[in-house]
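Read through the structure below, which is laid out as structure tokens, and then see the notes.
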There are 2 protein chains.
Amino acid sequence: MASNGHDNIPDIVIGRLPIYLRALNRLADDGQEITSSHELGQRLGISSAQIRKDLSHFGGFGKQGTGYQIEYLQEKLRKVLNIDREWEVALIGVGDLGKAIAHYRGFADRGFHIACLFDSDPAKVGQEIGDYTVQPMAALQQAIQDKGIRLAMLAVPVQHAQEVANTLVESGITGILNYAPINLTVPKHIQVQYIDPVVGLQRMTYYLED
Amino acid sequence: MASNGHDNIPDIVIGRLPIYLRALNRLADDGQEITSSHELGQRLGISSAQIRKDLSHFGGFGKQGTGYQIEYLQEKLRKVLNIDREWEVALIGVGDLGKAIAHYRGFADRGFHIACLFDSDPAKVGQEIGDYTVQPMAALQQAIQDKGIRLAMLAVPVQHAQEVANTLVESGITGILNYAPINLTVPKHIQVQYIDPVVGLQRMTYYLED
DNA sequence: GAAAAGCTGTTATAGTTTTCACATGAAGAA
DNA sequence: TTCTTCATGTGAAAACTATAACAGCTTTTC
């Protein structure tokens with residue numbers, strides 16, 4: 001995983017922070033105010049030691065004898081993850097999947113705002129989805145640069161994914177959430193995360209007896 | 001990760017096999033017949049040694065001096081992952097997300113067949129989606145048992161996810177692909193995989209300078 | 001108010017995963 | 001044929017990650 005000016009905190013630790021945050025959100029929803037590494041660990045199937053160790057990379061967020069104040073820990077984790085602000089995201093591809101993404105509340109709820117939509121299909125360009133109008137691919141580079149957008153979600157057919165990814169990189173995007181079932185080749189300062197539900201299913205079938 | 005009668009092959013290795021398979025699919029689409037651990041590794045950003053070692057857990061699939069025959073390796077990996085057959089999957093929740101899942105071609109293309117749909121909303125029950133009719137939750141247990149379904153995709157609102165998961169487990173489901181942003185608590189013989197795109201985004205923002 | 005119980009942060013230890021490096025076999029060139 | 005090149009599979013070493021264990025601070029109990 002690419003690393004920039006950051007300290008050398010293992011990427012695997014970073015990957016767990018959003019999971020911790022998600023669990024804290026649930027606890028907070030339930031009205032709970034304090035938790036412990038033990039409780040969190042039980043919920044997540046992770047050892048309490050690991051949680052304490054992960055958090056200790058960023059400072060002491062807890063209190064001996066008491067545990068962690070949930071709201072405070074959420075705040076700290078958001079700060080570490082750089083999500084104590086809103087991020088604008090471009091969405092490329094508004095087929096069934098893209099539309100579902102555009103309508104999904106979970107992004108906005110957690111600070112990711114879909115700020116523009118693009119599709120190469122002339123029949124889709126001009127459609128209104130949510131608050132925005134689908135723009136043609138030709139407008140992509142300009143729009144992204146004008147708005148200073150740095151994150152994109154890629155929901156185009158697999159055949160076009162690499163090509164669109166190249167365009168995104170040229171436009172200044174530095175993080176791509178890729179829904180197409182293909183490994184993208186990108187310069188190493190570009191982050192890519194993959195969403196491929198079939199991978200999840202295949203991983204489970206390995207453990208299923210016939 | 002739960003492990004059953006299987007050899008003790010690390011779960012992290014199992015997790016990479018679908019990625020290898022996906023890359024092989026792309027190569028095959030391009031008409032290529034042979035590849036090497038080096039080529040695969042370059043595409044995936046993984047060392048060639050790791051690929052060879054991973055594959056070696058399951059036997060020697062390659063040929064020294066030549067590399068791997070793509071079709072043969074695909075076949076072997078499918079066999080290892082238990083996907084040299086079709087799997088039926090239940091889908092619970094047919095909101096925007098569930099509908100997009102139901103329409104997504106990628107599942108059927110890779111051997112996962114959505115065999116029944118459920119929703120608790122009476123307004124949705126009875127709707128036709130794809131080839132199937134949305135059934136009420138009350139019909140879930142019976143339908144899953146009758147069809148012998150073992151995998152489920154969970155696309156219900158986060159508030160109901162744990163409760164529905166409990167029902168699924170009671171019905172005999174042993175693998176859950178969970179789209180709700182919550183960690184499920186399940187007996188340890190149950191597999192769970194999480195699809196939470198926001199986690200992917202949050203993981204990327206960590207590396208973005210302000 | 002003293003003792004007990006609870007929980008963090010951290011150092012030391014154990015375990016896992018990745019990389020290295022090379023013996024060995026296959027294919028092609030001379 | 002013989003030599004060179006290429007690529008696998010694998011044991012050993014290195015790097016990384018997780019667990020265990022405990023000192024020290026907090027809160028609760030009696």
Side-chain angles (χ1 to χ4, degrees), chain A residues 1-3 6-20 23-24 27 32-77 80 203 206, chain B residues 1-3 6-20 23-24 27 32-77 80 188 203:
Chain A
M1 184 108 319
S3 125
H6 273 280
D7 334 295
N8 29 347
I9 293 166
D11 181 63
I12 197 164
V13 172
I14 303 306
R16 279 190 296 261
L17 300 185
I19 309 297
Y20 298 161
L24 291 169
L27 289 169
Q32 198 169 320
E33 293 186 353
I34 285 180
T35 188
S36 66
S37 60
H38 189 73
E39 182 182 43
L40 267 180
Q42 279 225 315
R43 297 216 167 198
L44 299 177
I46 288 179
S47 79
S48 61
Q50 178 160 87
I51 292 173
R52 291 199 302 279
K53 178 149 246 207
D54 284 352
L55 296 179
S56 76
H57 283 102
F58 308 98
F61 299 150
K63 204 166 164 191
Q64 291 170 325
T66 310
Y68 300 91
Q69 186 126 19
I70 291 175
E71 198 175 347
Y72 178 74
L73 184 52
Q74 287 177 300
E75 194 181 298
K76 286 298 186 183
L77 287 180
V80 167
R203 203 170 165 161
Y206 172 80
Chain B
M1 186 103 322
S3 124
H6 273 280
D7 333 296
N8 29 347
I9 292 166
D11 181 63
I12 195 162
V13 171
I14 303 307
R16 280 190 294 261
L17 300 185
I19 309 296
Y20 298 162
L24 291 168
L27 289 169
Q32 198 169 321
E33 292 186 354
I34 286 179
T35 188
S36 66
S37 60
H38 188 74
E39 182 183 42
L40 266 181
Q42 280 225 316
R43 295 216 168 198
L44 298 177
I46 288 179
S47 81
S48 60
Q50 178 160 88
I51 290 173
R52 290 198 302 278
K53 180 146 260 208
D54 283 353
L55 296 179
S56 77
H57 283 101
F58 308 97
F61 298 151
K63 205 165 165 191
Q64 288 172 325
T66 309
Y68 300 91
Q69 187 126 17
I70 291 175
E71 198 174 348
Y72 178 73
L73 185 53
Q74 286 177 301
E75 194 179 299
K76 287 298 185 183
L77 287 181
V80 167
K188 67 177 177 311
R203 205 171 163 159

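Values reported hereafter were calculated over all heavy atoms of this structure, with side chains retained and with hydrogens, waters and symmetry mates removed. Letters A, B, ... mirror the listed sequences (proteins, then strands); counts begin at 1.
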Worksheet item: Among Glu39(A), His38(A), Glu33(A), whose side-chain hydrogen bond (donor to acceptor under 3.5 Å, both in side chains) with Thr35(A) holds?
Response: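 Between Thr35(A) and the candidates, side-chain hydrogen bond (donor to acceptor under 3.5 Å, both in side chains) is satisfied uniquely by Glu39(A).
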Practice prompt. Counting heavy atoms from C-beta on, name the nucleotide in dT17(C), dA18(D), dT8(C) closest to the side chain of Gln50(A).
Written response: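 Taking heavy atoms from C-beta onward, the closest nucleotide is dA18(D).
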Practice prompt. Give the nucleotide from the list dT17(C), dG9(D), dT10(C) with an atom nearest to the side chain of Ser56(A).
Written response: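 Between dT17(C), dG9(D), dT10(C), the one nearest the side chain of Ser56(A) would be dT10(C).
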Just how far, in rounded Å, is [atom2] of [N] from [atom1] of [X]?
| X | N | atom1 | atom2 | value |
| --- | --- | --- | --- | --- |
| Leu55(B) | dT8(D) | CG | P | 9 Å |
| Gln69(B) | dA26(C) | CD | P | 15 Å |
| Ile51(B) | dG9(D) | CD1 | C1' | 14 Å |
| Ile34(B) | dC6(D) | CD1 | P | 16 Å |
| Tyr72(A) | dT8(C) | OH | P | 14 Å |
| Phe58(A) | dT8(C) | CZ | P | 17 Å |
| Lys53(B) | dG11(D) | NZ | P | 8 Å |
| His57(A) | dC16(D) | NE2 | P | 12 Å |

For [X] against [Y], the heavy-atom pair lying closest together:
| X | Y | answer |
| --- | --- | --- |
| Gln50(A) | Ile46(A) | OE1-CG2, 3.4 Å |
| Arg52(B) | Ser37(B) | NH1-OG, 3.1 Å |
| Leu44(B) | Ala23(B) | CD2-CB, 3.9 Å |

Worksheet item: When rounded to the nearest 0.5 angstrom, what distance separates CD1 in Ile51(A) from CG in Leu17(A)?
Response: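 So the CD1 of Ile51(A) and the CG of Leu17(A) are separated by 11.0 Å.
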Discussion item. If I take atom CG from residue Leu24(B) and atom OH from residue Tyr72(B), how far apart are they, to the nearest 0.5 angstrom?
Written reply: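 Output value for this atom pair is 13.5 Å.
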Worksheet item: With sugar-phosphate meaning primed atoms plus P, OP1 and OP2, does Ser37(A) contact a base, only sugar-phosphate, or nothing at under 4.0 Å between heavy atoms?
Response: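 Sugar-phosphate: the residue Ser37(A), judged by heavy atoms under 4.0 Å, touches backbone atoms but no base.
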Practice prompt. Mind listing the residues from residues 12-20 of chain A sitting with a heavy atom below 4.0 Å of DNA chain D? Number order is fine.
Written response: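 Here the set is Ile12(A), Arg16(A).
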Worksheet item: Are any of the side-chain heavy atoms of Glu75(B) and Phe61(B) separated by less than 4.5 Å?
Response: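 Glu75(B) does not reach Phe61(B) side chain to side chain.
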Worksheet item: Is it true that atom CD of Glu71(A) has more than 12 heavy atoms of other residues, nucleotides or ligands lying nearer than 6.0 Å?
Response: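 No.
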Worksheet entry | Closest-nucleotide ordering on DNA chain C, the 5'-leading residue of Arg52(B) and His38(A) |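 The answer here is His38(A).
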Practice prompt. Scan for salt bridge (Lys or Arg N to Asp or Glu O under 4.0 Å) pairs involving residues 53-62 of chain A, sequence neighbours excluded, and state none if there are none.
Written response: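 Sorted result for residues 53-62 of chain A: Arg16(A)-Asp54(A).
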Discussion item. Can you see if the side chain of Tyr68(B) gets near the phosphate of dG9(D) - specifically, an N or O under 4.0 Å from OP1 or OP2?
Written reply: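 The answer is yes; a side-chain N or O of Tyr68(B) sits under 4.0 Å from OP1 or OP2.
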Set out, line by line, the N/O atom pairs under 3.5 Å between protein and nucleotides 26-30 of chain D.
from	atom 1	to	atom 2	distance (Å)
dT26(D)	O4'	Gln64(A)	O	2.7
dT27(D)	OP1	Lys63(A)	NZ	3.3

